[in-house]
Amino acid sequence: MESLFADQDFLEKNSGNNFADIILPVPIPRMFTYRIPKNFQSEIQIGQRVIVQFGKKKILTGIIGKVHNKPPQAYEAKPILDILDVQPSVNPLQIRFWVWMAEYYFCHIGEVMFAALPSGLRLSSESKIQANPNFDLESSPYPLDTREELILEALENQNELSYEDCEKILGVKTIHPILKSLVAKEAILIFEKVQEKYTPKVETRIRLVPAIAKDKNALQAVFEAVQGKPKQESILLKYLRDIPVFNKPHLNEKGLDKATLLEEGDSESSLKTLIKNGVFESFKLVVNRIEEEEPEREASALSSTQQAALEEIKTHFETKQSVLLHGVTGSGKTEIYIKLIQEVLESGSQVLLLLPEIALTTQIVSRLKQVFGSQMGVYHSKYSDNERVEVWNGVLSGRFTFVVGVRSSIFLPFDSLGLVIIDEEHEPSYKQFDPAPRFHARDAAIMLAYFHQARTLLGSATPSFETYFNATQGKYGYVQISHRFGEASMPEYHLANLSADRKKNLLKLDSTRLLREKIQNALENQQQIIIFQNRRGYSPYVQCEDCGWAAECVQCDVSLTYHQFAEELRCHYCGYKEKVPQTCPACGSSQLSTQGMGTERIEESLSLLFPEARMGRMDLDTTRNKYGYQRLLDEFAAGQIDILVGTQMITKGLDFGKVTVVGIWDGDRILNFPDFRAGERAYQQITQVAGRAGRRDIKGQVIIQTRNPENDLFEKVIRGDYFEFFRQEMFDRKKFFYPPFVKLVKITTRHTDFKVAEKAAHALHHQMANLPVKKIVLGPEKGIIARIKNQYQFESLIKLDKAGNTQSVFKEGLSKILEELQSVPEFRSVRWIVDVDPN
DNA sequence: AGCACGCCGACT
DNA sequence: GTCGGCGTGCTC
C-alpha cells in the first residue's frame, strides 16, 4: 500500500505540468484545459500567448492562466498548437486583475481578455488554398472547367494562394463557389494560415558608403564626380546637411529615411544612380512608429500654493492609498502631477496617468511630452492596432515607464506601478458600458494600484460625490486648491431668462438679449466666445410641418438624428442611416423642417446674428477624424475663430486667455437629467464650462440661458458652494437609498418579443426578491428606449447594502438565477445584461 | 459569441 | 428531390 502511494507521489512530481488552463477571448464563464505537448513543457509560462484550436474550426489566441498536471475527467484535452511569446505578454498581476474585474463587473474572463489585449496581439487567420497532393488531373473522375484549371496552374508555381490572389488570377469578384467546387473535386485544400497581426514598421534607409563617410578625400572625389549633375549634387548636399558625417560619424550608421531624403522634390532615379555608382547604399531598418523625442523643457517651478498641495499629497500618501486633489479649473494641477510623476519615476516605479478620451488630444499631453520625452507612452483610442502593440511592448520592455492614456490603458502590462493618477476623476466617460466588461476605469484603476501597492491620485475641479464622500469618510486623503494659478479670478455668472425675453419679444433665433450683448461686447474687444450645448439625450431631428411625421429608426424606438454635413438621418443606438427624404413619406408634403437645436443650428443662428464673426464648431461630426480636433484647437488658439460652438468636448483642456464669454445655450437641458445624479452632473457641467472663461487678466462672464432662473441649483453653482450642495445631495441620497449609501446593479432583460421580455424580466425580479441579502429591487420597468436593434428591453435596479459580503452573496445568487432562467425553454434566447455601478 | 447539426417549407 | 430557414447544443 505504502509503496503504491509513494509511486504515485513520485509520478505526480516528475510527470511535469502537462496541462494548462487557458483564457480564451470567448464569452463563456471559464478557462479551458489544454494539453501541453512535451516539447513545450519546459518553456511554458503563465501569461504567454498560445495558439489553440477551439471547437471544430476556430483558431484562437489564448493566454496561459494556470499550469498544472490534472487531466480533465470528462473529455480529452486538445493540444496547444504553438507558443507565441518567448517572454509572456501578460504578467501574473494582470491576470489577477482580470479575474477581479470579471468577478466584480459580473462578466466572463474571456470578455476581459478581449478588452485588455490590443487586437494586434491577437492572431489573424486567413484562408489559404493549396494544391491537393493526392489529386491527379488525368485520373480524376470530375472534369475541370477553364477557370478551375487556371487556379491549378497557378498553384504549380506558388505553394499557396489567398482568396484575393485567386480573385486576381481570374478577375472575378466572388471566388468562393469556384474554390468550393475545386474542394469538392478534391483538387485543392483550404486551410487557415495563422499569423501575428502586428507588423513591425520597416523603413528603407539610405546611408553614405562607409568608406566614403570616413574619408574626406573620397568624399571630395565624389563631389567632383557629380559636378554638372545638379540633381545628384542636391541629394548629396541634403544628406550631408542632415547627417554631418565628419562631425557626427555615428549618425551615418542609421542613415536617413529614403522618403525624407527625397521629400524636397529630388528624384528617385538620381538617387538610384548614386547607389549604382557606389556612393550611397540602401538598407532596411525596423523603426518605432512612435517617434523618439527628447525632453525639451524642465518642469516649471511650483507656486507656493502648488508646492503646499504637493507636500500635503505626499503626507497623505504615507498613510493612505488614495488622495483626492480638489483643485478649481486653472489651479495648475498638471504641474503638481509632473512633480509627483518625476519623483515616482526616479524611485524606479512606473506611472499611469488616466485622462478622459477627449482630453487626451489637448495641451496637457504635449506639455507632458515636453517634460518626459520618449520615456512617456501615449495610449489613444485613435491609435492604430500596430501603434497600440508598440505601446504595449514598450511597457513590457521598459521603454515606457510612464503612460498617459484612456480608460483601456489600465490593461497595459505594468509590473511595478508606483502611482496612478486619474485626472478629471468625475468624468462619466470613464465608465464603459457597451461591450462587457462594463468597468469604471477610475474604480478599476484604484484596484489595480492596490494590486501593485501603488498610490492613487484622483484629480478634479468638481469631484464626483462618491469620491468626495470617501474623502469625508477618511478613506481617501483630501487636498484642496481653491485659488486659480496666477492672478485669474473666478468668473461672473448671469442667468438669461428665456421666457421673459420671449414675452417681451427680445428672443432672436433662440438667443436672449443678454447673451447677444455679451457676445457683441466681446467681439468688439477682440475677445473669444465659447457657446456650449449639451447634446445628451437630445438631438436634432426632421419633422413634417403638415402632418407631424418624424423620421424614426426601423430597428429602435427612437427618432433619427439629423446630420447636416452629410444630409443624413442616423440612429445613435444602432448606427442605421438614411438620406433625408425630399417629401414627407406619410403625407407627401415638402414642408420638412429640422427640429431642435444642435450645435449645427446654433452655429447657423449665430452667424446670422453676427455675420462678421468667424465661427467654429466642435462636436462629434467635426472631430471624427484623427486631426479634426487638434486643427480646431489650433485655429482657436491662433485667434482664427471668434465664436466656438461645441458639445461636452469643449469643456476639456481648452486653456486660452482670450476667452472671456462662455454661453450655455440651454441651461434647462442640463437640469433634466433623468437619474439620481442629475444635480451632481448639472453642477459639474456648468462649473467645467464656466472654467473656460476669463483665465488671465479679464474677468470671465458666464451666461446661462434658462426658462427657470429661479431653480436653486443655479444659485448654488453661482455661489460656487460645492460643499453645501454636496451636503444637501447626500441627505437626499441617504433618504432615498442611492450611492454612495448603497451599491447599484442594473440588469437589463432583452428579447425580440415584447411579451417574452416582459415575462422574463418579471421572473428575474421574483427570483431576486428571494435572495437572502439586504437589498431593494426596483422594476422591472420598460426601458427608457423600449426597443433597440429590434430587441425590447426591461430594466431592474437593485440597491445593495454596502456592508459585509452582501455583494458577493448577491452576485453568486444572481449567477444561479440567470443560469436557471436561461435553461427555461421560453427564455432561451433572452439576453441579460448586468451593469455593476451603472452611470 | 459563433458554428454545426437537425428538422420542416418553396424552389430547380 | 434540394436549398436553406433558424431552433438548440457545445466549445477544453
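Throughout, protein chains are lettered first and strands after them, A, B, ... in sequence-line order, and every chain is numbered starting at 1.
- Taking every nucleotide of DNA chain B with any atom under 4.0 Å from a non-hydrogen atom of chain A, the first and last of them, 5' to 3', are B/dA1 to B/dA4.
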Pair up each side-chain donor or acceptor in residues 765-772 of chain A with any protein partner under 3.5 Å, not counting sequence neighbours, and list the distances.
unit_1   : atom_1 : unit_2   : atom_2 : d
A/His765 : ND1    : A/Gly779 : O      : 3.1
A/His766 : ND1    : A/His762 : O      : 3.1
A/Asn770 : ND2    : A/His766 : O      : 3.4

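- The 5' end of DNA chain B is approached more closely, in terms of each residue's nearest nucleotide, by A/Val26 than by the other of A/Lys56 and A/Val26.
- Looking at residues two or more places apart in sequence or on another chain, you find a side chain to side chain contact (heavy atoms under 4.5 Å, CB included) between A/Glu103 and A/Val99.
- Side-chain contact of A/Asp136 with A/Ser139: a donor-acceptor pair under 3.5 Å is present, judged by distance alone.
- A heavy-atom distance below 4.5 Å is not found between the side chains of A/Tyr450 and A/Val420.
- Think of the region where chain A sits on DNA chain C: with heavy atoms and a 4.0 Å cut, that region ends 5' and 3' at C/dT8 to C/dC12.
- There is no side-chain donor-acceptor pair under 3.5 Å between A/Asn393 and A/Ser397.
- Pairs engaging residues 829-839 of chain A under the salt bridge (charged side-chain N to carboxylate O under 4.0 Å, His left out) rule: A/Lys431-A/Asp835, A/Lys743-A/Asp837 [sequence neighbours left out].
- By the side chain to side chain contact (heavy atoms under 4.5 Å, CB included) test, A/Glu149 is found to be paired with A/Leu144, residues two or more places apart in sequence or in another chain being considered.
- Residue A/Arg30 is in base contact, counting any heavy-atom pair closer than 4.0 Å across all strands shown.
- If you check every strand for non-hydrogen atoms under 4.0 Å, A/Tyr34 touches sugar and phosphate atoms only.
- Residues A/Leu797 and A/Leu744 meet the side-chain proximity criterion, which asks for heavy atoms closer than 4.5 Å.
- Nucleic acid contact class of A/Gln73 (heavy atoms, under 4.0 Å, all strands): none.
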